[in-house]
Amino acid sequence: MEDLPARRVPPSRRAERERGSPAGGARGTATIGPQPADLAAYRRAVDDVLRDVRDGTVEAALPRAAGCPEVRAVLDRVPGGGQGALDRIAAQLSDFRPSARSNARTPATLLRIALLQQVDVVWWGSLTPFADDADVLGSPQLTSLPALDRRGLLAFRYRVGTAAWAGRARNYAVRRWAPGREPVSSGLSFPVARPAMVGLLNEIATRFAAAAPSWAGRLWVNCIVRSTAGQLRLRELGYSALLPSAHCTGYAADLEMAWLRRHGVAPALEGVLTAYRDAGVLNVIDEGQAWHVCLDPASAGRYADLAPRVSG
């Protein structure tokens with residue numbers, strides 16, 4: 001695999017205001033840091049905290065996490081402070097209900113996802129999230145995926161979620177008569193994305209194709225942008241939709257993995273994503289069916305420059 005570029009870290013610990021900033025947009029600030037070595041130490045510490053956790057004693061892991069220097073080195077950067085992050089995770093654990101729709105089937109799984117997700121919150125938690133559907137659809141910061149797709153400018157595939165009869169009938173037909181053709185997923189909440197995420201996902205798709213040359217399919221993206229209201233709707237339906245979420249700022253995506261496992265090519269994508277993670281470009285969380293990825297603010301400008309544009 002081609003070497004990933006070194007992550008550029010500006011002298012300031014805070015990114016510029018998003019308007020005109022490499023972090024993109026005009027909705028608050030993004031936070032630069034921690035460094036890749038600190039994030040690697042954080043992930044190891046989370047693994048250590050969770051190693052002996054049983055679901056009946058999962059709450060007892062939080063004080064252990066709070067006392068771990070490698071964990072606090074990240075959590076204390078979360079907007080509102082480390083104790084606020086721990087209190088929020090404790091509330092999420094107390095609200096946990098088993099659901100077939102959730103990517104966290106047990107309290108221990110939810111705790112792992114919630115702890116790893118705090119890296120996203122450090123990076124993008126100070127940005128004002130998209131509040132509702134109108135906020136997303138009216139944003140000039142987001143680009144149309146169908147417009148890019150019609151011009152052959154996307155290296156990845158996706159499906160837009162729909163409640164319309166025709167769309168649901170089409171999806172049922174695919175699952176019924178061509179079950180291996182597409183993954184089983186509800187699809188994107190909105191057919192839009194930040195240019196930086198389009199540039200990133202195109203690059204990931206290209207590297208995945210090179211790592212799995214025998215695979216005739218492409219990278220499949222399950223989710224990019226959500227609104228806070230949409231996240232709450234998902235929670236009501238039984239999904240483990242955590243808040244705050246980098247999806248609600250447009251800087252995260254969920255990449256289908258279960259479908260690739262069935263076709264024997266998941267290890268290729270896992271290797272690609274792990275390389276980005278280790279370089280500090282992405283926060284990566286294995287959530288079972290999909291792997292969640294969040295873009296580091298220091299890399300957002302470079303990927304915005306790589307994004308294809310719709311002209312005319």
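Computed over heavy atoms, backbone and side chain alike; hydrogens, waters and symmetry mates excluded. The structure displayed is predicted, hence computed values, not measured ones.
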Side chain [X], main chain [Y], donor-acceptor under 3.5 Å:
X: Ser94; Y: Ala91; answer: yes
X: Arg64; Y: Asp48; answer: yes
X: Arg157; Y: Gly217; answer: no
X: Arg235; Y: Ala241; answer: yes
X: His292; Y: Asp254; answer: no
X: Thr249; Y: Ala246; answer: yes
X: Asn202; Y: Leu153; answer: yes

Say whether [X] and [Y] are linked into one hydrophobic cluster, either directly or through other cluster members, by side-chain heavy-atom distances under 4.5 angstrom.
X: Val49; Y: Leu116; result: no
X: Leu306; Y: Leu219; result: yes
X: Leu154; Y: Met197; result: yes
X: Leu243; Y: Leu234; result: no

*asked:* Apply side-chain contact (heavy atoms from CB on, under 4.5 Å) to residues Phe208 and Leu260 and explain how you reach the verdict.
replied: CA-CA 11 Å; Phe208 170 49; Leu260 300 183; 3.8 Å; yes
Is the shortest side-chain heavy-atom distance between [X] and [Y] below 4.5 Å?
X: Val198; Y: Leu145; value: yes
X: Leu255; Y: Leu201; value: yes
X: Pro195; Y: Arg309; value: yes
X: Trp220; Y: Leu269; value: no
X: Cys294; Y: Trp124; value: yes
X: Tyr158; Y: Pro146; value: yes

Would you give the length of the straight line joining atom [atom1] of [X] to atom [atom2] of [Y], rounded to the nearest 0.5 angstrom?
X: Asp120; Y: Cys248; atom1: CG; atom2: SG; answer: 11.0 Å
X: Tyr276; Y: Asn283; atom1: OH; atom2: CG; answer: 15.0 Å
X: Glu270; Y: Arg277; atom1: CD; atom2: CZ; answer: 10.5 Å
X: Arg194; Y: Leu295; atom1: CZ; atom2: CG; answer: 10.5 Å
X: Gln92; Y: Ile113; atom1: CD; atom2: CD1; answer: 10.5 Å
X: Gln118; Y: Ile89; atom1: CD; atom2: CD1; answer: 4.0 Å

*Please step through side-chain contact (heavy atoms from CB on, under 4.5 Å) for the pair Leu62 and Leu111, ending with a clear verdict.*
CA-CA 9 Å; Leu62 283 177; Leu111 177 59; 3.8 Å; yes
*Looking at Trp259 versus Trp215, is the centre-to-centre ring distance below 6.0 Å?*
yes
*State which residues pass salt bridge (charged side-chain N to carboxylate O under 4.0 Å, His left out) with Asp278; sequence neighbours excluded, sorted by chain then number.*
Arg43
_Taking side-chain contact (heavy atoms from CB on, under 4.5 Å) as the criterion, tell me which of Asp149, Ile224, Val160 meets it with Pro191._
Val160
*Among Thr31, Val121, Leu127, the one residue meeting side-chain contact (heavy atoms from CB on, under 4.5 Å) with Pro79*: Val121
Taking all non-hydrogen atoms of both residues, which atom of [X] and which atom of [Y] are closest, and how far apart?
X: Ala104; Y: Ser240; value: N-OG, 3.7 Å
X: Ala108; Y: Val53; value: CB-CG1, 4.2 Å
X: Tyr303; Y: Glu203; value: OH-OE1, 2.6 Å
X: Arg72; Y: Leu86; value: NH1-CD1, 4.0 Å
X: Val284; Y: Leu273; value: CG2-O, 3.7 Å
X: Pro308; Y: Leu148; value: O-CD2, 3.8 Å

*Give a yes or no on whether a salt bridge exists between Arg159 and Glu256, defined as a side-chain N under 4.0 angstrom from a carboxylate O.*
no
*asked:* Go through it in stages, so that I can follow the logic: the residues are Arg233 and Tyr239, the test is side-chain contact (heavy atoms from CB on, under 4.5 Å), and I'd like the CA-CA distance, side-chain angles, deciding distance and then a yes or no.
replied: CA-CA 9 Å; Arg233 286 196 298 268; Tyr239 294 92; over 6 Å; no
_side-chain contact (heavy atoms from CB on, under 4.5 Å) evaluation trace for Val119 with Ile285_ = CA-CA 10 Å; Val119 176; Ile285 306 174; over 6 Å; no
